[in-house]
Peer 1: 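Dumping the structure here so I can ask a few things about it.
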There are 2 protein chains.
Amino acid sequence: MKIAKPIQALIESFQKLPGVGPKSAQRLTYYLLHVPQIQLDEFSDSIMRLKKDTVLCSVCKNIGETEPCPICSDKSRDHTQVLVVEQPLDILAFERTGKFKGVYHVLHGAINPLENIGPDEIYIQQLLDRISNMESGIKEVIIATNPTMEGNATAMYLRKQIQLLITDNQLLITRLGMGIPTGADLEYADETTLTQALEGRREI
Amino acid sequence: MKIAKPIQALIESFQKLPGVGPKSAQRLTYYLLHVPQIQLDEFSDSIMRLKKDTVLCSVCKNIGETEPCPICSDKSRDHTQVLVVEQPLDILAFERTGKFKGVYHVLHGAINPLENIGPDEIYIQQLLDRISNMESGIKEVIIATNPTMEGNATAMYLRKQIQLLITDNQLLITRLGMGIPTGADLEYADETTLTQALEGRREI
């Protein structure tokens, strides 16, 4: 028996999503056969509008509805501090802490030679332009790429490029603190994390 | 910071799917921001058409494009044998074996008092009508509901209802064989499965 074409089409669309295999795609599709058409229309509509109704902020490259985005146009935030992240979702994580009052820059990826992603494929030049622009008055760049091989390579590359750009030492380049996360069990911590936790120890 | 409305809308749609939590919904949505609009249009279109372009087969209640479905209209299949399943996906599993040449009946669920699903909420009456219809000539009903509490309760209920319906003993009512699955490790098999495997032992 062949699966009906409209069902097969949706299974294939679901399978293109990250982390969704053939079985999950089938399960999700057959689940949707039991929901009201109005919910399907909403779902369909929100997918179609996702990119059409959003814009990339010309300043920080975050995805939002307005240009510039609400954070970049917020006068109460500290525009001299720029936190550099890989993905828009990372901004949400920092905003949830409520502790960061500066602005952001989204790279939309990390340098990854294995996947042919070089410095030109992500928004690095735009960050360098932002820093070299005198009007922006940036005093600190906090590099918050992921603590992975790609994220670390990107952080190193960024530091080098920024240092080439800035002749005086007015700009501070920092990287997020590394160490053991809250709630972790020391017994299961890996060597790299423990080494970094030792190196990053602070007086209490 | 608030998430842009079009993004929030899609996150909420994803969250309504079974097994998709807030984090997965965010991840899927932000992933889709990076795919070409044409792929989004295809995805959106296939969701919208899912129910509009499919029909419920009037005979077996399977979901397909034609009425009756390809299996019910296939003259080469054995229409005297009806295999009763909970979901359309179960049919695919049996079709993959290539060993079953009869026809199906999809209940679209199982009796589940905790979720207010009684015999009237699923296609039980339609199965009974099919059996009592003399023209159908059904000789065997194979009950293949899941080996769960709900599936077993549904099987028991079905057996009782069918026996009330049939006065002569011309109709065979069977249930799928229970026991250890291929590739399983006896060490980890539960007591119920082992008991059923013992009871269902066969001469070799």
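Order of the sequence lines fixes the chain letters, A, B, ..., with proteins taken first and strands second; residue numbering starts at 1 for each chain. All heavy atoms count here, side chains included; hydrogens, waters and symmetry mates do not.
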Peer 1: Work out which heavy atom in B/Ser46 is nearest to a heavy atom in A/Ser13; give both atom names and the distance.
Peer 2: OG-OG, 3.5 Å

Peer 1: Using 0.5 Å steps for rounding, measure from the CG atom of B/Leu89 to the NZ atom of A/Lys23.
Peer 2: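 Answer rounded to 0.5 Å: 8.0 Å.
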
Peer 1: Pick one of side chain, backbone, both or neither for B/Glu12, based on which atoms fall under 4.5 Å of a heavy atom in chain A.
Peer 2: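 Nothing of B/Glu12, per the 4.5 Å heavy-atom cut-off to chain A.
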
Peer 1: Let's test your reading of the structure: which of A/Leu32, A/Asp53, A/Leu17, A/Ile7 forms the most heavy-atom pairs below 4.5 Å with chain B?
Peer 2: A/Leu17

Peer 1: Report the option among A/Arg96, A/Gln39, A/Gln26 that has the most heavy-atom pairs separated by less than 4.5 Å from atoms of chain B.
Peer 2: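 Heavy-atom pairs under 4.5 Å are most numerous for A/Gln26.
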
Peer 1: Counting distance only, does the side-chain N/O of A/Glu65 pair as donor-acceptor with the main-chain N or O of B/Lys5 below 3.5 Å?
Peer 2: yes

Peer 1: When you measure from the side chain of B/Lys16 to the backbone of A/Phe43, do you find a donor-acceptor pair of N or O atoms at a distance under 3.5 Å?
Peer 2: no

Peer 1: Determine the sole option in A/Thr29, A/Leu40, A/Asp41 for which the side chain to side chain contact (heavy atoms under 4.5 Å, CB included) test with B/Ile47 is passed.
Peer 2: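 Going through the options one by one, the only one that passes is A/Leu40.
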
Peer 1: Under 4.5 Å, counting heavy-atom pairs only, tell me which of B/Asp74, B/Val20, B/Leu28 racks up the most with chain A.
Peer 2: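 Ranked by heavy-atom pairs under 4.5 Å with chain A, first place is B/Leu28.
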
Peer 1: Crowded around B/Leu164 CG? As in, over 12 foreign heavy atoms under 6.0 Å?
Peer 2: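 Yes, the 6.0 Å shell around CG holds more than 12 heavy atoms from other groups.
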
Peer 1: Nearest 0.5 Å please: distance from the CD1 atom of A/Ile11 over to the CG atom of B/Leu50.
Peer 2: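 Answer for the CD1-CG pair, A/Ile11 versus B/Leu50, is 9.0 Å.
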
Peer 1: By a 4.5 Å heavy-atom criterion (distance strictly below it), what part of B/Arg27 contacts chain A: side chain, backbone, both, or neither?
Peer 2: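 For B/Arg27, backbone and side chain are both near chain A.
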
Peer 1: With the side chain counted from C-beta on, respond yes when B/His34 and A/Gln87 share a heavy-atom pair under 4.5 Å apart, and no when they do not.
Peer 2: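 When only atoms from C-beta onward are counted, A/Gln87 and B/His34 do touch, with a gap below 4.5 Å.
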
Peer 1: Check the surroundings of atom CD1 in B/Ile38: do more than 12 heavy atoms from other residues, nucleotides or ligands lie under 6.0 Å from it?
Peer 2: no

Peer 1: Does the side chain of B/Asp45 reach to within under 4.5 Å of the side chain of A/Ser44, using non-hydrogen atoms?
Peer 2: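 No, side chains not in contact.
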
Peer 1: Please determine whether the number of non-hydrogen atoms from other residues, nucleotides or ligands lying under 6.0 Å from atom CD of A/Glu115 exceeds 12.
Peer 2: no

Peer 1: Quick check for you: among B/Cys69, B/Ala9, B/Pro6, which has the greatest number of heavy-atom pairs under 4.5 Å with chain A?
Peer 2: B/Pro6

Peer 1: Measure the spacing between CD of A/Gln37 and CE of B/Met48 and express it to the nearest 0.5 Å.
Peer 2: 8.0 Å

Peer 1: Could you tell me whether A/Met178 atom CE has more than 12 heavy atoms of other residues or ligands within 6.0 Å of it?
Peer 2: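 Counting other residues, nucleotides and ligands, CE of A/Met178 exceeds 12 neighbours.
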
Peer 1: What's the spacing between A/His108 NE2 and B/Tyr30 OH if we round to 0.5 Å?
Peer 2: 9.5 Å

Peer 1: State the CG-CG distance between B/Leu33 and A/Leu56, to the nearest 0.5 angstrom.
Peer 2: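 Here the rounded value is 9.5 Å.
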
